[in-house]
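Computed from a predicted model, the values in this text were never measured in an experiment.
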Amino acid sequence: MLKVVTWNVNSVRARSARLDAFLARHQPDLVCLQETKVLDDQFPAPAVEGYRYWSHGQAGRNGVALVSRHELADVQRGFPGDPSPDSARVISASLGDVRVIGIYVVNGQSVGSAEYELKLQWLDALGRWVREAHSPVEPLLVAGDFNIAPTDDDIYDPAAWEGQNLASGPERERLGSLLRWGLTDLMRLHHQGPGPYTFWDYRAGAFHRGWGLRIDLALATQPLASRSTAVEVERDERKPTFGEGKPSDHAPLILTFE
DNA sequence: ATGTCACTTTACAAGTGA
């Protein structure tokens, strides 16, 4: 059995106690973290016995990392062709025969903004790299915060979000091209929509009101997707009353493979 | 849409990004 997690922690230092408790509780093989918001030499080492980390961070924003209780091979930070190479958004590594790419997609701010144009260019570049460097017949996992709700089933109020950033056609089309190449949205192998959601804005009491989005995704090629036995959102981690300290605005996604 | 959070700076609040 293989257990892999993706979690946008919104600062790994602020979430260190929760991350340790999560590791102790679930004993995942590998965790992909996003928005670590920390330089590599200031990354808080996991306190749980057996876990190591590989960080690709920067000060204050972005940042991705892999936390694993196994040795990882061929750890690669960033990717060739990144139009925004100073932003730390991608870390990839091999765990046994599985290649894992942990990603934090450009947020995009609002449709028509410069950030949104960068998001589309970034997604194009990511797609080119994935297609060039990998094959759909090899076991590949692309997991992380995509900042894209794939369909209206992934949004609490699709009408309010129609055409907006996170839900717009052009970004969904970029995601679609990855799926057509040979990646499967693992959540939908096990759960039909609407929901579950993985992100609730801190503002406006969004979590309490059920205003969620599914923007944290795990995509796998067929050799790996065929081994997928469960995909679950650890919704408790979004609760202010759960665990130690404040929650991230994202809940972890737990992937189980046979 | 916006009832928050975490970061940074030269800090003892305000701006930024999400």
**Student:** Could you give the distance separating dC5(B) and dT10(B) at their C1' atoms, to the nearest angstrom?
**Tutor:** 22 Å
**Student:** Please check this pair: side chain of D29(A) against backbone of K3(A), looking for a donor-acceptor N/O pair closer than 3.5 Å.
**Tutor:** yes
**Student:** Heavy atoms under 4.0 Å, any strand shown: does F207(A) hit a base, just sugar-phosphate, or nothing?
**Tutor:** nothing
**Student:** Please compare F199(A) and Q42(A) by the position of their nearest nucleotide in DNA chain B and report the one closer to 5'.
**Tutor:** Q42(A)
**Student:** Within the 4.0 Å heavy-atom criterion, would you say W200(A) contacts the bases, only the backbone, or no part of the nucleic acid?
**Tutor:** nothing
**Student:** If you assign D201(A) and N147(A) each to the DNA chain B nucleotide with the nearest heavy atom, which residue ends up on the more 5' nucleotide?
**Tutor:** D201(A)
**Student:** Under the side chain to side chain donor-acceptor pair (under 3.5 Å) test against N10(A), which residue among H250(A), K246(A), K37(A) passes?
**Tutor:** K37(A)
**Student:** Could you work out, with side-chain contact (heavy atoms from CB on, under 4.5 Å) as the rule, every residue matching R25(A), not counting sequence neighbours?
**Tutor:** A21(A), F22(A), E234(A), E237(A), F242(A)
**Student:** Less than 6.0 Å separating the ring centroids of F43(A) and Y53(A)?
**Tutor:** yes
**Student:** Taking only the P atom of each, what is the distance from dG3(B) to dC7(B) in whole angstrom?
**Tutor:** 23 Å
**Student:** Could you verify whether a donor N or O on one side chain and an acceptor N or O on the other, from W211(A) and Y197(A), lie under 3.5 Å apart?
**Tutor:** no
**Student:** Please list, in 5' to 3' order, the outermost nucleotides of DNA chain B lying under 4.0 Å from any heavy atom of chain A.
**Tutor:** dA1(B) to dA18(B)
**Student:** Under a 3.5 Å distance rule, please check whether R214(A) uses its side chain to pair with a backbone N or O of G195(A) as donor and acceptor.
**Tutor:** no
**Student:** Taking atom P in both dT2(B) and dA6(B), what distance in whole Å separates the two?
**Tutor:** 22 Å
